[in-house]
There are 2 protein chains.
Amino acid sequence: MKVLIIEDDPLHRSYLNEAIRAALPECDGVLEAENGNAGERLARDLKSAHIVMDLQMSQRNGIEAARTIWKERPETRILFWSNYSDEAYVRGVSRIVPVGAVYGYVLKSASDDRLKLALRSIFIESQCVIDREVRGMQQKSLGNVNGFTEAEYEILIDIALGLTDRAIAQRRNLSVRSVQNRLQQLYVKLGVYQPLGGQDDEGRFNLRARAVAVAFLRKLLNHSALERAEADLSAWLARQPHD
Amino acid sequence: MKVLIIEDDPLHRSYLNEAIRAALPECDGVLEAENGNAGERLARDLKSAHIVMDLQMSQRNGIEAARTIWKERPETRILFWSNYSDEAYVRGVSRIVPVGAVYGYVLKSASDDRLKLALRSIFIESQCVIDREVRGMQQKSLGNVNGFTEAEYEILIDIALGLTDRAIAQRRNLSVRSVQNRLQQLYVKLGVYQPLGGQDDEGRFNLRARAVAVAFLRKLLNHSALERAEADLSAWLARQPHD
DNA sequence: ATCTTTTCTGCGGGATCCCGCAGGGTCTCG
DNA sequence: CGAGACCCTGCGGGATCCCGCAGAAAAGAT
């Protein structure tokens with residue numbers, strides 16, 4: 001059994017290496033990659049790898065790497081080991097995990113023991129391990145309580161990218177008016193909507209831009225989510241003949 | 001001589017601790033704080049501390065901490081030790097460094113020796129040390145070559161926060177038209193402006209929203225910059241009587 | 001099959017945004 | 001002093017956005 005580490009911070013890499021050797025004595029080889037690209041390559045070469053990776057790497061974001069790895073080999077087991085439990089990350093991960101796949105998500109702030117336990121659970125006992133905090137985020141995200149529909153999240157991304165209503169309608173196969181409906185819905189859920197009564201900060205905010213701002217502040221969006229979205233967008237634009 | 005470490009990652013903290021003891025034998029005490037708040041408190045208690053800190057901490061952002069520390073004791077020497085050289089960070093730091101202050105900015109990806117050398121330069125020889133990469137960012141940022149004026153940066157932040165033209169005008173003491181002028185300027189510099197000729201992706205983008213998106217993608221803006229801006233904004237809103 | 005709920009859609013109008021045009025300030029340089 | 005460069009400002013108009021209203025279509029429920 002071999003384990004592949006994908007992590008760009010050297011300190012964290014060597015810490016992980018040690019933890020893996022300690023927690024998994026049956027493991028007979030630990031490989032390291034310092035970014036998503038190298039990680040994908042190594043994962044492709046290895047027959048069936050067990051992977052521990054960071055999200056948020058400079059070269060190629062962890063979620064992208066995981067997506068292509070899982071696309072080629074859906075049975076690969078991946079433990080995400082991240083600093084944050086931003087909704088953007090959690091949503092990004094649960095969007096790409098294949099059905100029935102074994103994976104984990106533990107925070108770097110977790111204790112030594114928790115990490116080792118997660119390693120054993122996932123790689124030996126084939127059991128998913130999701131940190132409490134991350135799990136909470138998932139629930140809040142997927143349950144409709146204070147949670148965002150896939151449609152709402154989608155349109156949030158579209159305006160964050162700077163698309164016009166018309167472009168969004170075209171991209172999502174909707175009428176312009178429907179796009180605007182979803183926008184209104186989004187504004188309400190983000191607490192950005194301005195009831196006409198309050199003369200207080202009337203007209204201070206541009207709803208569209210404000211929605212993006214609070215989404216960022218609430219970590220519903222983050223840099224890597226935006227990068228992924230931008231990549232998707234330009235792929236779509238290239239596929240688009242002309243208007 | 002005592003040194004204060006402000007850094008939220010335990011691994012990096014202990015690594016720093018070791019590096020400091022190795023590089024500065026004349027140092028007779030190393031204190032650690034795991035977030036900005038605790039760091040500020042410790043800095044206040046110590047007579048005259050030398051500080052090494054991370055930007056990007058969860059509780060209270062490094063730039064905020066540095067600002068209050070320097071406000072109380074401008075002669076404090078601070079070495080910023082960060083993962084990134086985002087323009088947003090570099091600009092944030094150089095905006096708050098007091099005149100004549102001794103400080104440093106080195107990346108975590110730098111070698112062991114570079115870090116130790118920086119420690120000695122700053123704390124012993126009173127000499128500023130700025131990483132090449134960061135320095136490059138500074139130049140590009142401050143020089144007008146592909147760089148952004150303070151005014152442009154300011155308005156970028158305002159639209160990123162979601163303010164309307166009118167609100168911006170009010171806040172910055174300008175007419176609405178002037179705000180719009182600056183916006184146009186900004187659009188041009190961000191490469192977002194759409195010359196009327198090109199029928200290609202005509203009308204695909206909402207310039208205002210798109211500008212914010214590319215600013216984020218180019219790391220001209222990041223989460224912590226937005227957080228600071230939001231705090232400033234709400235302070236200003238509170239100070240505002242009513243329109 | 002019928003009723004209900006949700007979502008999609010067109011219409012229309014007021015507010016906002018984007019920006020060309022033109023006039024009036026300040027500052028510098030010759 | 002005038003010429004030039006720069007920024008600020010008002011005006012006006014076309015495009016876009018925000019959203020109430022109401023009918024049509026789709027998805028579920030009884």
Side-chain angles (χ1 to χ4, degrees), chain A residues 144 147-156 158-215 243, chain B residues 144 147-156 158-215 243:
Chain A
N144 47 6
F148 289 68
T149 312
E150 199 55 30
E152 288 158 359
Y153 190 71
E154 209 168 51
I155 207 168
L156 169 60
D158 285 338
I159 60 172
L161 286 172
L163 293 172
T164 61
D165 293 2
R166 185 146 39 90
I168 298 173
Q170 202 170 325
R171 186 177 187 197
R172 306 298 183 187
N173 286 319
L174 291 172
S175 75
V176 173
R177 188 61 183 87
S178 295
V179 170
Q180 294 170 334
N181 275 343
R182 294 193 176 180
L183 281 175
Q184 273 183 90
Q185 215 173 324
L186 182 69
Y187 298 153
V188 171
K189 283 215 183 165
L190 283 172
V192 162
Y193 182 78
Q194 297 184 336
L196 307 104
Q199 300 277 343
D200 231 15
D201 14 296
E202 189 70 7
R204 275 203 203 293
F205 288 119
N206 173 323
L207 295 190
R208 177 177 285 246
R210 184 63 181 164
V212 176
V214 320
D243 60 334
Chain B
N144 45 8
F148 289 67
T149 314
E150 199 56 31
E152 288 157 359
Y153 190 71
E154 211 168 51
I155 208 168
L156 169 60
D158 285 337
I159 61 171
L161 286 172
L163 293 171
T164 61
D165 293 2
R166 185 145 39 88
I168 298 173
Q170 203 169 324
R171 187 177 187 198
R172 305 298 183 186
N173 285 320
L174 291 171
S175 74
V176 174
R177 190 60 182 88
S178 295
V179 170
Q180 294 170 334
N181 275 343
R182 294 193 178 181
L183 281 175
Q184 274 183 90
Q185 216 172 321
L186 182 69
Y187 298 152
V188 171
K189 283 215 182 164
L190 283 173
V192 163
Y193 181 78
Q194 298 184 334
L196 308 104
Q199 300 277 343
D200 231 15
D201 16 296
E202 189 70 7
R204 275 201 203 292
F205 288 118
N206 173 323
L207 294 190
R208 176 178 288 246
R210 184 62 181 165
V212 176
V214 320
D243 62 334

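Here is how names work: the chains are called A, B, and so on, in the same order as the sequence lines, proteins then strands, and each is numbered from 1.
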The side chain of [X] is closest to which nucleotide in this list: [options]?
X	options	answer
B/D165	D/dC18, D/dC8, C/dC18	C/dC18
B/N206	C/dC8, D/dC17, D/dT9	D/dC17
B/T164	C/dC18, C/dC17, C/dT9	C/dC17
A/L174	C/dT9, D/dT9, D/dC19	C/dT9

Could you tell me the separation between the [atom1] atom of [X] and the [atom2] atom of [N], rounded to a whole number of Å?
X	N	atom1	atom2	value
B/L183	D/dA15	CG	P	20 Å
A/L207	D/dC17	CG	C1'	9 Å
B/F205	C/dC18	CZ	P	15 Å
B/R204	D/dC17	CZ	P	14 Å
A/L163	D/dT16	CG	C1'	14 Å
A/I168	C/dC8	CD1	P	14 Å
B/Q170	D/dT9	CD	C1'	17 Å
A/Q184	C/dC8	CD	C1'	14 Å

Test item: B/R210 side-chain N/O and A/L161 main-chain N/O as donor-acceptor pair under 3.5 Å:
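Pair found, side chain donor or acceptor close to backbone of A/L161.
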Are the side chain of A/T164 and the backbone of A/A167 linked by a donor-acceptor contact shorter than 3.5 Å?
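Yes: the side chain of A/T164 pairs with the backbone of A/A167.
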Using side-chain heavy atoms (C-beta onward) and a distance below 4.5 Å, is [X] in contact with [Y]?
X	Y	value
B/Q184	B/N181	yes
A/L183	A/D165	yes
B/L174	B/R182	yes

By nearest heavy atom, map A/Q185 and B/R177 onto DNA chain C; which one lands nearer the 5' end?
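Closest to the 5' end, via its nearest nucleotide, is A/Q185.
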Please figure out whether B/N181 or B/A209 has its closest DNA chain C nucleotide nearer the 5' end.
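That would be B/A209.
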What nucleic acid atoms does A/R172 come within less than 4.0 Å of, heavy atoms only: base, sugar-phosphate, or nothing?
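Contact class for A/R172: none.
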Quick check on [N]: is either OP1 or OP2 less than 4.0 Å from any side-chain nitrogen or oxygen of [X]?
X	N	value
B/S175	D/dC8	no
B/Q180	C/dG20	no
B/R182	D/dC8	yes

